[in-house]
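Below is one structure, written out as structure tokens; the observations come after it.
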Amino acid sequence: MKQTLTDIIQEALKRAQQQGALKLETQPVITLEIPKDKNHGDLATTVALTMAKAEGKPPRKIAEIIIANIQDEEGIIGRTDIAGPGFINFVLKQDRWRRTLFAIDDQGQEYGLKDVGRGEKVQVEFVSANPTGPLHVGHGRGAAVGDALANLLAAVGYDVQREFYINDAGRQVRLLAQSLHARYQQLLGNNVPFPEDGYHGEYIAEVAQEFLKAHGNVYRDKPFEECSEIFGDFGKEAMLADIRTDLEAFNVRFDHWFSEKSLLADNSVQRSIEELKQRGFSYEQDGALWLKSTAFGDDKDRVIVKKDGDYTYLATDIAYHRNKLSRGFRQLVNIWGADHHGYIPRVQAVIQAFGHPKDSLHVLLVQLVSILRHGQPVPMSKRAGTFVTLRDVVQDVGADAARYIFLTRRSDSPLDFDLDIAKEQSRENPVYYVQYAHARIASIFREAEARGIAVPKREAVQLDLLDLAEEQNIIKALAAYPEMIEEAALSYEPHRVTYYLQDLAGMLHTYYFKHRIIDAENEARTVARLFLMKQVKTVLQSALKLLGVSAPEKM
RNA sequence: GCGCCCAUAGCUCAGUUGGAUAGAGCACCAGACUACGAAUCUGGGGGUCAGAGGUUCGAAUCCUCUUGGGCGCGCCA
């Protein structure tokens, strides 16, 4: 809808220029928006205001020129007004809006999909939790955001890959192995000391039990250094299996699991460091090797290889991002916990050091989640091992509610997750509110069927019977759906979908309450209204699907 | 100390990328089932958009400063 009108205005500008009425030395950007106030029409543009200075004419005068040059061949514009300082307000013909319903009916679940991505490859890397313990709610939020964003990008035509980066090299895995080894010895009656920074969680003892079952007491009394690898591998595999299970239960699936260790095994860390040297973005100093990240705006340069010859975390990250770039992605998106924000400049420096534009990597930060129970925050401490796991939450409130609630805030903003509200079946719980709208429509169709009324075919529908204000509102919301998808995808803001859904669901509830869909006295109207309901149901379903939330027929 | 993010109704948050009279939900008050699902709906009050300057036709939105919060600043990961 916006696009069509933009083209019409574009044509009008061109015509005005040919007549000499406008100079158009610089091409103005035509933005159309849906005014908040209904008195300002269906769509409004501010071009006349933005052009005023360059043209040296008062904006209202420019607006007049534009309007005079508009040729509306398809006949979609009902009225144009100049308002205020120079807004041009368009009222579209009712019929134009209503035809959206036919489009939805034709396209079904395809409605709203676009191809702005043109099949280009993008990657979303998210969760990427250390395989040293269960996923907690923060990971859950990252998973919900990443998965929804990936869905959105796919919906606008990108070829999306979802990737999980496994931090299976380095200190954490060693600590995991040590912790596991200690618990194992304790199970066998050896009172060995537990590593100081070890993982204290209950789950380690459980894994130790599994280890005992698998290997018996073969490693009893064996010093850790002689068997660190087997404990590390066992622990890592057990944790990864748990992570996969939890993600599965949360309806998140990855296309690719990428191992950090593999970067060391195939020498790509070495090779990337070599390449950095050749490109002149690393240097040696104080016995260490440094990345010249200040060349790209970082506060200070960063160590890649330590004095003792070990790689830093950044070293594998350099190799990892080089690997990502080599896979031909047009755009990389990393979803990180907000506490890692200080890391962004150096990774963007890496990207640039390899000759790619800074913005080929976009880091989306996800803020903290606090869990509330009975209105009180549940204390969480990673050190003490008392964090609320994703599994707990999913078992408690269900995957749908959890996913939806994780997406009810901008990812940038901290989130209070109230377990009681998430279970509540009321207006306060947004996921029920939206799902109920869908179930309600399903119920109407069940009722219609019981009365022998079939789901209407478009040929049988008289759209002009949909003339109530509530019906107009709904139709306009449905027409705005494709633009919402595109904006949410391109701005990496999946939360817009939840707001849209709540809006649409609200309109549906209002309409439902005020008017009867099935009217035994008026068959034609019943058919038209059922047709409208069918399209609302389709859009609710597709939007929920983008969020990875189910659209139930009954609740 | 330096850097990043943030400050919008009593509370939790949106705000169409600089547009017209700043919006929802909760809470509070008053109402609606002989009804296709009341898990719903209708109405009401409630604001110096933290503060002060600036940019311009126009600012919650952009710039500077101040105040108040969160996070990050290791040859840890």
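Excluded from the calculations below are hydrogen atoms, water molecules and symmetry mates; all remaining heavy atoms, backbone and side chain alike, are included. Chain letters run A, B, ... following the sequence lines, proteins first and then strands; every chain starts at 1. Just so it is clear, the structure is predicted and the values come from calculations on it, not from any experiment.
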[N] OP1/OP2 closer than 4.0 Å to side-chain N/O of [X]:
X	N	value
A/His495	B/rG15	yes
A/Tyr432	B/rG25	no
A/Arg440	B/rA38	yes
A/Tyr512	B/rA38	yes
A/Arg427	B/rG25	yes
A/Lys306	B/rC76	yes
A/Thr46	B/rG58	no
A/Lys36	B/rA20	yes

With a non-hydrogen cut-off below 4.0 angstrom, is [X] in contact with a base, only sugar-phosphate, or nothing?
X	result
A/Pro414	sugar-phosphate
A/Ala448	nothing
A/Tyr499	sugar-phosphate
A/Asp317	nothing
A/Ala52	nothing
A/Asp286	base
A/Ser491	base

Query raised in the report: Syn or anti: how is B/rU12 classified when any glycosidic angle within 90° of 0 counts as syn?
Result: anti

**Report entry** Syn/anti label of B/rC33 as read from its glycosidic torsion, with the cut at 90° from 0
**Finding:** syn

Query raised in the report: Within a radius of less than 6.0 Å around CD of A/Glu447, do more than 12 heavy atoms belonging to other residues, nucleotides or ligands occur?
Result: yes

Which one is paired to [N], where only Watson-Crick or G-U wobble pairs with both distances under 3.5 angstrom count?
N	value
B/rG58	none
B/rC33	none
B/rC28	B/rG44
B/rA22	none
B/rG1	B/rC73
B/rA9	none

Give the nucleotide from the list [options] with an atom nearest to the side chain of [X].
X	options	value
A/Arg451	B/rU17, B/rA77, B/rC36	B/rC36
A/Arg516	B/rG74, B/rC75, B/rA35	B/rA35
A/Glu447	B/rA77, B/rC36, B/rC75	B/rC36
A/Trp290	B/rC75, B/rC13, B/rC73	B/rC75
A/Ala83	B/rU40, B/rA20, B/rG19	B/rA20
A/Arg171	B/rC76, B/rA20, B/rU17	B/rC76
A/Thr312	B/rA14, B/rG19, B/rC75	B/rC75
A/His509	B/rU40, B/rU21, B/rA77	B/rU40
A/Arg409	B/rU12, B/rC26, B/rG15	B/rU12
A/His341	B/rU40, B/rG15, B/rC4	B/rC4

Query raised in the report: Does the side-chain ring of A/His340 sit on the six-membered ring of the B/rG72 base, less than 5.5 Å centre to centre and under 30° in tilt?
Result: no

Query - Pi stacking test for A/Phe87 and B/rA20: under 5.5 Å apart, planes under 30° - result: yes

Students often mix this up, so state it plainly: with edges at 30° and 60°, are the rings of [X] and [Y] parallel, tilted or perpendicular?
X	Y	answer
A/Tyr320	A/Tyr165	parallel
A/Tyr313	A/Tyr343	perpendicular
A/His515	A/Tyr511	tilted
A/Tyr500	A/Tyr481	tilted

Query - Donor-acceptor pair under 3.5 Å, A/Arg410 side chain vs B/rU12 base - result: no

Within this structure, what is the [atom1]-to-[atom2] distance between [X] and [N], rounded to whole angstrom?
X	N	atom1	atom2	answer
A/Ile405	B/rU12	CD1	P	17 Å
A/Tyr433	B/rA24	OH	C1'	10 Å
A/His515	B/rC41	NE2	P	14 Å
A/Gln172	B/rC76	CD	C1'	10 Å
A/Asp412	B/rG15	CG	C1'	15 Å
A/Lys537	B/rC36	NZ	P	19 Å

Report task. Please figure out whether A/Asn89 or A/Asp503 has its closest RNA chain B nucleotide nearer the 5' end. Result -> A/Asn89

Query raised in the report: Toward the 5' end of RNA chain B, which comes first, A/Gly342 or A/Leu49, by nearest nucleotide?
Result: A/Leu49

Query raised in the report: Is there a donor in the side chain of A/Glu428 and an acceptor in the side chain of A/Ser426, or the other way round, less than 3.5 Å apart?
Result: no

Query raised in the report: Do A/Asn334 and A/His321 meet the criterion of a side-chain donor-acceptor pair at a distance under 3.5 Å?
Result: yes

**Report entry** Rounded C1' spacing from B/rA24 to B/rU67 in Å
**Finding:** 29 Å

Query raised in the report: When rounded to the nearest 0.5 angstrom, what is the spacing between CD1 in A/Ile441 and CD in A/Gln541?
Result: 10.5 Å

Query - Sidechain N-carboxylate O distance under 4.0 Å for A/Lys236, A/Glu229 - result: no

